[in-house]
Amino acid sequence: MKEYTPKEIESKWQAHWAGTRLYATDEDSSKPKYYALEQFPYPSGDGLHMGHMRVYSIGDVIARFRRMNGYRVLHPMGADAFGLPAENAAINRGVNPGEWTLKNMDRFVKEQSMMGVSYDWDRYVATCLPEYYRFNQWLFLLFYERGLAYRKKAFVNWCPDCSTVLANEQVENGRCWRCDSEVTKKELEQWFLRITDYAERLLEGLDRLPKWPEKVKAMQRNWIGKSEGAHVSFSIPELEDERVTVFTTRPDTLYGVTYMVVAPEHPLVPRLIKGKENESVILEFIEQMKKQTEIERTSTDAEKVGYPTGAYAKHPLTGEMIPIWVANYVLMDYGTGAVMGVPAHDERDFQFAKKYDLPIKVVIQPEGEPLEEPLTEAYTEDGKLVNSGPFNGMNNREALSAIAEHLAETNQGGPTVNYRLRDWLISRQRYWGTPIPMIYCDACGTVPVPKEDLPVLLPEDVVFDGKRNPLTTSETFVQTTCPSCGREARRETDTMDTFFDSSWYFMRYTDSKNTEVPFDPEKVNNWLPVDEYIGGIEHAVLHLLYSRFFTKVLYDAGMIAVDEPFASLLTQGMVLKDGFKMSKSKGNVVSPLEIVEKYGADTARFFILFAAPPDRDLDWSDAGVEGSYRFLNRVWRLIAQNESLFGQKADTGRELTGDARELRRILHQTIKKVTHEIGERNHFNTAISAIMELVNALYAYPENADRSIFREALEKLVILLAPFVPHITEELWQMMGKQESVHKEAWPAFDPEALVQNEVEIAVQINGKVREKLVVPTSASRDEVEKQALQQDRIRMLIEGKTVRKVIVVPGKLVNIVAN
RNA sequence: GCCGAAGUGGCGGAAUUGGCAGACGCGCACGACUCAAAAUCGUGUUCCCAAAAGGAGUGUGGGUUCGAGUCCCACCUUCGGCACCA
């Protein structure tokens, strides 16, 4: 008997598949389409890790399963190839970032191929190549034309370690998402994409994504941060009725305002404090605030500090003069940067008022017992309005809109919706990214590079000294002529956030070689949306939000027919070892290559898919890997030992009885289960356990029983295993004398007829406890089953002396006798 | 504080609509094969009780139901996200 030698088999079939272009995309339009996609990797210098191996294993099962089920499947791969590490390698080791990246990309492709994954490599995209990034520039110009790309001066997030700015989404708890350094603020002129124009649609679209995890949708909703309320405009008489607008979610408490607070960065502050007693103190305070990091500034337990400006605003409804304060707890980048203080009905305002001895005015009373004054805490529940002029007695819920509308009628504000989402800052002061295709001309201002002049290529004559943006050191790059007037002009030296690259790569795969436009609308519509997108949860608000934004913009531009890119999202869990995430510092890293070397890719894939459902964390277990290897050997032997069967002519069509009939039932039950678990639930672990049960049944099948069904079961077994372990199944298929690839086989259908059993074992319960088992014909009626159950010796004994109150019969399952 | 997910044997996990809790695998124990071991094949393996009979049992406490891991109420713990958000 031939031994199972994974190394030999795997390289043999990988070469064969590549040679026969087995996984070239099937374009047969008579078949339903299926787009299976795994997030493309950043080709780091370290090669594949287990996390990669897990995503690709999951994606490959899905792609292979769909192909066998008659779909034309798009299953591409690429590289998210721009990014900081390449540039840092250039700075630290003097290597060329492009060469370095291409070398790593090759390594990734090689390692992915060793896994036996069924990609159509012809559609490979690498974002760092001009063929790709010229269309980043093309798309940037499209955004610009549509008024969705703009430049503005703003306080932006600055990562001192990466020496570049960051988008809000890339700051996690005040730290850089990439290097974990504390982020500071810098005032710079930068390019932004107007994602806030799409806030409502990005929010609303989530409701149409039933196949996305709740968790991810919740995170996006949270991030978009919609809140409904009102703008209230206060005039400042001493500044010629200049207005300060506040945003509030509680316009019903408007009569309870006893002070107002503006953020230290609020543009009106200098005028408010000019010539006032506190002027120098406040200026000093503002300087302090600027020096603080994001963490210090927004920490919940930071002491609330404020100063009265000495200026007053006029209450829009009562005409009262309200003192204006400056305080650290009001943030310039949320709402309007100014808030109204209602200490009686807001906890934070209450604390602040207590600390600075500001008046507290109750304007909402609960039903029943009135509040005891002075208050010991803010009353934030519902109630009836008091001290609120014409709104007295009104329920506060009604007052919310009544007061907001009254403000609108009197031109002092009105109902509004506020979002937490900010525009996406895409400028980066780094070399290894897509140059932003803009030119600055003294005469014409900001001029876009004409589309026919694209790509704006990254120059090679740059200095990597880690001190400045290398692009600024290239004279040939910076100096150019104005496309509009032809005079000398300067190029923009910022490059794009690499999340720009990955926001549309899944569209590019559908037409990856197009040299005119990013993609042909017909081709993209032939495949989008992605039917199953698989990747890590870490992109819940980054990549996944940006991609949704791009899709909506391109939908509006008429370039694609769908406005949501990913119909179904599968977020795979982490790979842990000994309860911790694998990491170099922990020293608990298991190398995919070593596992492949020792057991083969099939074993590695099999273990990963069997050990846990894909969306849960997976604890790596060496013993578990051994077990998987053992199982594949078990399957191998089962077929190798019976190889002679396949040389004979199949002998089918006989009536099956006994063991043969039972094996056929198990086979069809397995087909049903595996089909459902993969196709409907993505539960590969339970699909595999069903296959294991079939193998156990095949081992237990008597030697002298019918061979034809045994042979058929072995063939189906190999087909069912093919999506999980493509190499061993291909080899076994060949061993069975088949000419074509097993991966071109049709997925087996189950025969409902075969599932029918003559007899079934049911449980007999007394008061819900199982007391006896009973085998009855499947055809037995309820009455017969009940009668038989009550006749069992043991049951008769146990209910003796009791009254049977009720008997419940669940056909095929159980009988429950209620007796006391 | 708000939002989301999850708590099941020694371990990973299963139980699709309320119907025999613990499938499948790991580990462990025993047996067969072997001079012996490995490999393999087989048997057993939730806990308590020496075994049987019996009892307990899906984070905790209540409830609905003939019947609850599954549904309802209240809580506890863990993980993840957001947070001076006005």
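We name chains A, B, ... by the order of the sequence lines, and we start the count at 1 in each one.
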Identify which nucleotide among B:G19, B:A86, B:C66 has an atom closest to any side-chain atom of A:V818, counting heavy atoms from C-beta outward. B:C66
For A:R681, salt bridge (Lys or Arg N to Asp or Glu O under 4.0 Å) partners two or more places apart: A:E677
Are there any protein N/O atoms within less than 3.5 Å of an N/O atom in nucleotides 3-12 of chain B, and if so, which ones and at what distance?
| residue | atom | partner | partner atom | Å |
| --- | --- | --- | --- | --- |
| B:G12 | O2' | A:A611 | O | 2.7 |

Closest to side chain of A:E693, choosing from B:C24, B:A14, B:C66: B:C24
Would you write the dot-bracket representation of RNA chain B, where each base gets (, ), [, ], | or . depending on whether it forms a Watson-Crick or G-U pair under 3.5 Å and with which partner? (((((((..(((......[....)))((((((.......))))))(((.....)))..(((((..]....))))))))))))....
Heavy atoms from C-beta onward define the side chain here; which of B:C66, B:A23, B:A53 lies closest to that of A:N816? B:C66
Is any side-chain nitrogen or oxygen of A:R634 closer than 4.0 Å to OP1 or OP2 of B:G42? yes
Below 3.5 Å, does any donor atom in the side chain of A:K773 face an acceptor in the base of B:C20, or the other way round? yes
Minimum-distance nucleotide (side-chain atoms of A:R681 versus B:C84, B:C66, B:U16): B:U16
Check whether any side-chain N or O of A:R422 sits under 3.5 Å from a backbone N or O of A:Y419 as a donor-acceptor pair, and report yes or no. yes
Taking B:A14, B:U16, B:C85 as options, the one with an atom nearest any side-chain atom of A:E677 is B:U16
Proximity to the side chain of A:A623 - top-ranked nucleotide from B:C66, B:C24, B:C26: B:C26
Which of the following nucleotides, B:G25, B:G19, B:A56, is nearest to the side chain of A:M692? B:G25
